[in-house]
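Step one of this worksheet: look at the structure below.
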Amino acid sequence: MAAQGHHRGLDAQGYIAREGSLALVPYAFRPVVAAARDRYLDVFGARLNGAYLYGSIPRGTARVGRSDLDLLLCLRAEPTDADRADARTLEAALDKEFAEIDGVGTLLFSRTRLLSDLETYDLGWFVACLCTPLLGEDLAEYLPRYRPDTLLARETNGDLALMLPRWRERIDGAADTDEARRPLVRSMSRHLVRTGFTLVMPRWNGWTSDLGEMAEAFAAYYPERTADLRRAAVRGYEPTGDPAALRSYVDDLGPWLAGEYARVHGIKAPRP
């Protein structure tokens with residue numbers, strides 16, 4: 001078993017360092033980032049408190065034609081169905097216009113929710129550590145600093161057991177084609193790898209967003225499940241439409257991981 005002592009992704013005081021910056025956005029993606037900034041501001045206007053990038057583009061690791069554009073919008077009030085519809089329209093237009101990206105995803109939350117006590121160690125941590133300010137107010141100023149401890153592990157990924165029934169419904173409802181299943185494989189693979197990593201994060205004592213590194217950190221503590229998580233990491237970057245992979249996630253790896261997570265870290269605080 002690997003010993004504690006890793007400091008990757010931490011600052012000199014042992015807190016998780018904020019990853020990503022606008023300076024790291026690869027040149028090829030700067031036009032779509034600029035377009036997204038202008039268009040979301042135009043559409044949401046005074047409703048928008050701030051916007052952030054997250055994922056591979058602000059980390060500087062995005063691949064042209066393969067990576068998606070991920071954004072989080074902080075709204076002054078709770079998002080409405082109309083807000084979500086506006087975001088979907090913008091996503092479709094950007095995805096169609098810019099061949100450099102493979103899809104756009106937009107998360108919408110209110111400022112109140114992002115700064116709530118309930119979300120301090122989930123969405124609050126996400127904003128403060130994994131999101132890069134794009135425009136407007138940066139809520140990191142109002143949030144604490146975070147260590148890779150069991151509280152953070154529980155509140156970020158301690159709800160896998162609740163997600164598995166919804167995953168089964170999505171799998172059952174998907175069309176029987178590789179094209180329909182591929183996005184499910186990608187999203188579920190990434191979620192399982194990140195859950196496996198945060199399971200061991202306090203012992204590994206560090207942070208990374210690289211799926212391969214996450215799988216290797218996990219491998220030091222759960223060698224009997226290493227092959228499963230390594231395969232999921234590969235699928236997270238290069239998804240296939242294999243139905244057997246999806247079934248293995250909801251029938252084997254997912255239930256095991258949910259049970260072990262609850263044993264080690266407990267269950268995430270319930271949300272309304």
Side-chain angles (χ1 to χ4, degrees), residues 1-2 6 8-9 19 54-57 59 61-68 70 101-103 105 126 130 148 153-154 156-265 268:
M1 179 178 293
H6 289 270
R8 178 178 177 85
E19 63 178 26
Y54 68 94
S56 61
I57 288 179
R59 292 199 303 267
T61 60
R63 299 172 297 167
V64 173
R66 308 294 292 277
S67 297
D68 50 0
D70 295 311
I101 55 173
D102 181 21
F126 181 72
L130 304 190
R154 182 176 69 246
T156 53
N157 287 299
D159 58 350
L160 180 58
L162 297 177
M163 300 183 71
L164 290 174
R166 296 196 292 269
W167 284 13
R168 293 187 181 98
E169 291 177 2
R170 291 177 64 193
I171 293 168
D172 291 342
D176 188 18
T177 65
D178 284 354
E179 183 179 6
R181 287 188 293 262
R182 195 174 294 114
L184 298 181
V185 170
R186 179 166 70 173
S187 64
M188 293 177 190
S189 296
R190 292 182 177 188
H191 192 97
L192 289 173
V193 173
R194 289 166 182 154
T195 302
F197 170 70
T198 52
L199 171 63
V200 305
M201 175 183 65
R203 287 176 281 178
W204 193 71
N205 190 30
W207 176 262
T208 177
S209 285
D210 182 274
L211 297 180
E213 291 176 349
M214 286 182 165
E216 294 312 308
F218 172 88
Y221 303 93
Y222 293 96
E224 72 278 12
R225 284 288 184 171
T226 294
D228 294 330
L229 219 69
R230 284 175 175 163
R231 282 193 291 267
V234 171
R235 294 178 186 132
Y237 287 128
E238 303 289 346
T240 67
D242 183 7
L246 292 172
R247 285 298 167 191
S248 73
Y249 289 168
V250 296
D251 293 338
D252 180 30
L253 180 58
W256 174 84
L257 191 52
E260 184 65 5
Y261 215 97
R263 185 187 72 81
V264 174
H265 297 303
K268 183 175 183 174

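Computed from heavy atoms alone, side chains included, the values below leave out hydrogens, waters and symmetry copies. What you see is a predicted model; the values in this text were computed from it and never measured.
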Out of curiosity, D70 CG to L130 CG, how far, rounded to the nearest 0.5 Å?
->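 Answer for the CG-CG pair, D70 versus L130, is 11.5 Å.
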For D178, all residues meeting side-chain hydrogen bond (donor to acceptor under 3.5 Å, both in side chains), sequence neighbours excluded |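 D178 satisfies side-chain hydrogen bond (donor to acceptor under 3.5 Å, both in side chains) with R181 once adjacent residues are dropped.
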Would you check if [X] and [Y] make a side-chain contact, meaning some heavy-atom pair closer than 4.5 Å?
| X | Y | value |
| --- | --- | --- |
| R59 | S56 | yes |
| R194 | T198 | no |
| V200 | V264 | no |
| L253 | R231 | no |
| L164 | R168 | yes |
| P202 | H265 | yes |

Is it the case that the side chain of [X] and the backbone of [Y] share a donor-acceptor pair, with hydrogens and angles ignored and the cut-off at 3.5 Å?
| X | Y | result |
| --- | --- | --- |
| D210 | E213 | yes |
| Y249 | V185 | no |
| T177 | A180 | yes |

Salt bridge (charged side-chain N to carboxylate O under 4.0 Å, His left out) against D252, all qualifying residues, sequence neighbours excluded =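 Salt bridge (charged side-chain N to carboxylate O under 4.0 Å, His left out) list for D252, sorted by chain: R225.
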Do S189 and Y237 meet the criterion of a side-chain donor-acceptor pair at a distance under 3.5 Å?
->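 No - no donor-acceptor pair under 3.5 Å links their side chains.
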The single option from F197, Y222, F218, Y221 passing ring pair (Phe, Tyr, Trp, His ring centres under 6.0 Å) against W204 =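 Of the listed options, the one satisfying the test is F197.
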Please lay out, stage by stage, how L160 and L192 fare under the test side-chain contact (heavy atoms from CB on, under 4.5 Å).
-> CA-CA 9 Å; L160 180 58; L192 289 173; 4.0 Å; yes
Take atom CG in D176; do more than 12 heavy atoms of anything else shown fall under 6.0 Å from it?
->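 Atom CG in D176 is not packed in, count stays at 12 or less.
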Quick check: are there more than 12 heavy atoms from other residues, nucleotides or ligands sitting under 6.0 Å from CD of E224?
->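 Correct, the count exceeds 12.
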So which pairs with a foot in residues 255-265 pass salt bridge (charged side-chain N to carboxylate O under 4.0 Å, His left out), sequence neighbours left out?
->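 Matches after skipping sequence neighbours: E260-R263.
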